[in-house]
Structures are given as structure tokens and as C-alpha cells.
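Below is a structure I'd like to ask you about.
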Amino acid sequence: DVKVTQSSRYLVKRTGEKVFLECVQDMDHENMFWYRQDPGLGLRLIYFSYDVKMKEKGDIPEGYSVSREKKERFSLILESASTNQTSMYLCASIPDTFGEQFFGPGTRLTVL
Amino acid sequence: GENVEQHPSTLSVQEGDSAVIKCTYSDSASNYFPWYKQELGKRPQLIIDIRSNVGEKKDQRIAVTLNKTAKHFSLHITETQPEDSAVYFCAASRTDSWGKLQFGAGTQVVVTP
């Protein structure tokens with residue numbers, strides 16, 4: 001059974017703080033994704049990674065960066081958190097270039 | 001890039017009735033179309049998918065149809081039950097995009113007993 005975990009379910013940060021969201025998958029998946037989910041906007045892709053140390057921008061990368069030092073771990077970094085980054089963040093992984101994406105439980109981030 | 005539009009944004013149905021959600025996509029190279037269900041407070045999970053070489057796929061009470069010419073695909077849920085209440089997302093992707101999905105905005109389905 002594929003397991004994708006995220007470091008926190010709920011997080012509250014102050015404007016200007018550096019924020020780290022971590023995602024770990026235990027099934028040796030090649031590709032990993034970070035989305036943000038906002039009501040009425042669906043899931044929007046922030047960044048994805050198709051290999052260790054390889055990353056590509058998604059549709060809304062501004063204000064975010066990512067790190068993938070190990071295959072199982074994909075981190076999302078908010079360099080200087082802003083209130084408009086208050087959202088639900090979902091991580092996902094996929095074994096190859098096609099098929100089901102397995103999602104983590106999500107992190108509800110509030111930036112005050 | 002790909003753009004996926006999903007309608008309606010909310011859908012209320014009586015238990016036992018059918019529900020239909022429609023999506024259109026813009027990139028004619030897209031060839032994989034999954035549907036995800038997200039129950040309240042839970043993670044999205046794949047419920048059915050279809051590839052572009054198939055026009056229809058069915059799994060018990062759910063079915064998906066694809067019209068490549070018109071670039072639209074639909075989710076059909078028959079004999080709806082209260083546990084079908086959730087947000088449903090359609091998505092599209094292409095084989096040369098590392099599994100990257102473009103999601104629709106979602107449909108909130110409410111099944112009333």
C-alpha cells in the first residue's frame with residue numbers, strides 16, 4: 001500500500017517567515033508533485049520533480065522553491081511567507097510518467 | 001499549456017438519481033483523463049481514468065466517456081448514494097509530461113436522502 005506522508009497537518013506562520021513543508025513517499029516513486037488547493041480553483045501545480053535534484057516549475061511557482069535531495073523526500077519552501085500563501089498544500093507521487101497520483105493528507109498553512 | 005474547465009461547480013441530486021459532471025480540455029495532445037474524488041477532510045483519490053484510445057469505461061456505478069474530437073469527457077454516477085457526496089476533480093495529462101496533471105476546478109456533489 002502506497003504511503004505518502006506530509007510533515008504537518010496544520011501550520012501557522014508569520015508573514016516573512018521561511019516555511020518548510022516536507023513530503024515523504026515509501027514506494028520508490030520517480031515523480032513527485034506539490035499542489036496548492038484553494039476553493040473554486042481546484043489543484044494547481046506549484047513544482048514537480050522527476051528525479052533526485054531535478055525539478056521543474058509548475059503553473060504557480062512564484063514565491064516557492066523546492067528541494068529533492070533523496071528520492072523519497074520532496075520539500076516545498078516558502079522563502080518569505082505572505083498572507084496570500086495561506087492555503088491547503090498537497091503533495092503527490094507517481095511511479096512513472098503515467099497513471100494514478102498518490103496524494104498525501106495535506107498541510108493546512110495559515111500565514112498571519 | 002493545457003486548460004481544463006469543469007462544470008457544474010456544485011451539483012445536488014436526490015439519492016438514487018444520476019449525476020453527470022462535464023470537463024473540456026484544450027490540448028489535443030492530452031491522452032490521459034483521470035477523475036479524483038475528495039471527501040471532506042481527506043486526500044484526493046483516483047476513482048476512474050480513461051486513455052485516449054478508449055471512448056468509454058465503466059466501473060460498477062461510475063462511468064467515464066471521452067469525445068476526442070470535441071475535446072470533452074464526462075463522469076457519470078448512477079444510483080447515487082449519500083457516500084457519493086464529495087468534491088470530484090477531472091484532470092488531463094499527456095505521456096511526455098512526467099505524469100503532470102492539469103486539474104479542473106472541481107464539482108461539489110451533494111446527495112440528499
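In what follows, chains are A, B, ... by sequence order, proteins preceding strands, each numbered from 1. Only a predicted model underlies this, so the values are computations on that prediction, with no experimental measurement involved.
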Inset, instruction - Go through the atoms of B:S9 and report whether side chain, backbone, both or neither lie under 4.5 Å from a heavy atom of chain A. - result: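 Neither part; nothing is under 4.5 Å.
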Inset, instruction - Look at the side chain of A:Q101 and the backbone N and O of B:G99, then say whether any donor-acceptor pair between them is shorter than 3.5 Å. - result: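 Yes.
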Legend entry - Nearest heavy-atom neighbours spanning B:A105 and A:G40: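 So the two residues come closest at CB-O, 3.5 Å.
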Inset, instruction - Give the cluster check for B:F103 versus B:Y25: same hydrophobic cluster or not, with ILVMFWY residues linked at side-chain heavy-atom distances below 4.5 Å. - result: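 No; tracing contacts between hydrophobic side chains, which count when under 4.5 Å, never links both residues.
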Inset, instruction - Below 4.5 Å from any heavy atom of chain B, which atoms of A:Q37 appear? Answer side chain, backbone, both or neither. - result: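 Side chain of A:Q37 only, per the 4.5 Å heavy-atom cut-off to chain B.
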Legend entry - Path from A:L109 to A:L90 over hydrophobic side-chain contacts below 4.5 Å: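 Per the 4.5 Å side-chain linkage, A:L109 and A:L90 are not co-clustered.
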Inset, instruction - For A:E79, look at atom CD and say whether over 12 heavy atoms of other residues, nucleotides or ligands are found less than 6.0 Å away. - result: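 Check passes, neighbour count above 12.
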Inset, instruction - With a 4.5 angstrom heavy-atom cut-off, could you sort out which part of B:D96 is near chain A: side chain, backbone, both or neither? - result: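 Answer is neither: B:D96 stays 4.5 Å or more from chain A.
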Inset, instruction - Examine A:F48 and A:Y64 and state if one hydrophobic cluster contains both, with Ile, Leu, Val, Met, Phe, Trp and Tyr joined whenever side-chain heavy atoms are less than 4.5 Å apart. - result: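 Unlinked, A:F48 and A:Y64 end up in two clusters.
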Legend entry - Rounded distance (nearest 0.5 Å) linking atom CD1 of B:I47 with atom CD of A:E100: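 Between atom CD1 of B:I47 and atom CD of A:E100 there are 11.0 Å.
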Inset, instruction - Please report the shortest heavy-atom distance between A:R9 and B:G41, naming the atom on each side. - result: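 Heavy-atom minimum between the residues: NH2-O, 3.7 Å.
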Inset, instruction - Would you mind checking which part of B:P34 comes under 4.5 Å of any heavy atom in chain A, side chain (CB onward), backbone (N, CA, C, O), both or neither? - result: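 Answer is neither: B:P34 stays 4.5 Å or more from chain A.
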Legend entry - Heavy-atom proximity to chain A below 4.5 Å, by part of B:Q102: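 Side chain only.
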Legend entry - A:L45 reachable from B:V87 in the ILVMFWY side-chain graph, under 4.5 Å edges: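 Yes, B:V87 and A:L45 fall within the same hydrophobic cluster.
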Legend entry - More than 12 heavy atoms from other groups under 6.0 Å of NZ on B:K22: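 Not more than 12 within 6.0 Å, no.
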Inset, instruction - Mind ranking B:Q6, B:R94, B:Q38, B:R51 by heavy-atom pairs under 4.5 Å with chain A and telling me who comes out on top? - result: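 Of the candidates given, the most pairs with chain A belong to B:R51.
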Legend entry - Connected via hydrophobic side-chain network under 4.5 Å: B:V109 and B:F73: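 In one cluster with B:V109: B:F73, yes.
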Legend entry - Side chain, backbone, both or neither of B:K42 within contact of chain A (heavy atoms, under 4.5 Å):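 No part of it gets close to chain A.
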Legend entry - Whether over 12 other heavy atoms sit under 6.0 Å from A:L112 CG: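 More than 12 heavy atoms, drawn from other residues, nucleotides or ligands, come within 6.0 Å of this atom.
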Inset, instruction - Check whether more than 12 heavy atoms from other residues, nucleotides or ligands sit under 6.0 Å from atom CD of B:E79, and answer yes or no. - result: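 Not buried by this count: 12 neighbours or fewer within 6.0 Å.
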Legend entry - Region of A:R44 that comes under 4.5 Å of a non-hydrogen atom in chain B: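 Neither part; nothing is under 4.5 Å.
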Inset, instruction - Let me know if A:D59 has heavy atoms under 4.5 Å from chain B in its side chain, its backbone, both or neither. - result: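 A:D59 touches chain B through side-chain heavy atoms alone.
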Legend entry - CD (B:E83) with more than 12 external heavy atoms under 6.0 Å: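 Yes, because the 6.0 Å sphere around CD of B:E83 holds more than 12 heavy atoms from other groups.
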Legend entry - Residue from A:Y35, A:F102, A:F103 passing ring-ring contact (aromatic ring centres under 6.0 Å, His included) with B:Y36: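 Single pass found, and it is A:F103.
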Inset, instruction - Would you give the length of the straight line joining atom CD1 of A:I94 to atom NZ of B:K100, rounded to the nearest 0.5 angstrom? - result: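 Atom-to-atom, A:I94:CD1 and B:K100:NZ are 12.5 Å apart.
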